[in-house]
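What follows is a short report on a single structure.
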Amino acid sequence: MTDPLRSAAMTRDQVFRAVVEQVQAVLPDLPEAAITEQASLAELGASSIDRVEVSIGAMEALGLALPLTALAGIASIGELVDRLAQHGA
């Protein structure tokens with residue numbers, strides 16, 4: 001069976017969903033409604049280690065292999081989604 005996230009070009013919505021799933025895995029007490037594109041992981045209560053876990057987990061779920069330096073300076077979940085979508089296109 002083919003993984004739809006790893007097909008030719010993933011959609012931005014697929015990337016957002018993967019990030020949301022990783023945020024929920026790392027911060028299980030956080031309501032899904034709080035996970036918006038405008039929110040930062042720090043604002044949601046994620047430590048620096050949590051933020052790395054979310055980023056790595058999302059990359060693994062999407063079949064991406066990026067250096068963490070490619071994700072430096074990201075201020076919001078939406079920016080993380082955009083950066084991952086760029087590399088997954």
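Sequence positions, counted from 1, serve as the residue numbers for this chain.
The main-chain N or O of Gly57 is never found under 3.5 Å from a side-chain atom of Glu60 such that the two would form a donor-acceptor pair. Between the side chain of Arg83 and the main chain of Ile74, no donor-acceptor pair closer than 3.5 Å is present.
Checking Ile77, Leu44, Leu41 one by one against Val54, the side-chain contact (heavy atoms from CB on, under 4.5 Å) holds for a single residue, Leu41.
Applying the salt bridge (Lys or Arg N to Asp or Glu O under 4.0 Å) test to Glu43 and every residue at least two apart in sequence or in another chain returns nothing. Judged as a side-chain contact (heavy atoms from CB on, under 4.5 Å), and not counting sequence neighbours, the contacts of Ser47 are Ile49, Asp50. Remark: Glu21 engages no residue in a side chain to side chain donor-acceptor pair (under 3.5 Å) (not counting sequence neighbours). Applying the side-chain contact (heavy atoms from CB on, under 4.5 Å) test to Ala42 and every residue at least two apart in sequence or in another chain returns Ser40, Arg51.
Asp82 has its side chain within reach of Arg12: a pair of non-hydrogen atoms, C-beta onward, lies under 4.5 Å apart.
Between Val19 and Ala58 the shortest heavy-atom distance is CG2-CB, 4.0 Å.
Each side chain to side chain donor-acceptor pair (under 3.5 Å) pair with one or both residues in residues 65-80, not counting sequence neighbours, would appear here, but there are none.
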Would you mind writing out the side-chain donor-acceptor pairs for residues 22-29 within the sub-3.5 Å range, not counting sequence neighbours?
residue, atom, partner, partner atom, Å
Gln24, NE2, Glu32, OE1, 3.3

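Residue Phe16 holds its CZ atom at 12.5 Å from CG of Leu84, rounded to the nearest 0.5 Å.
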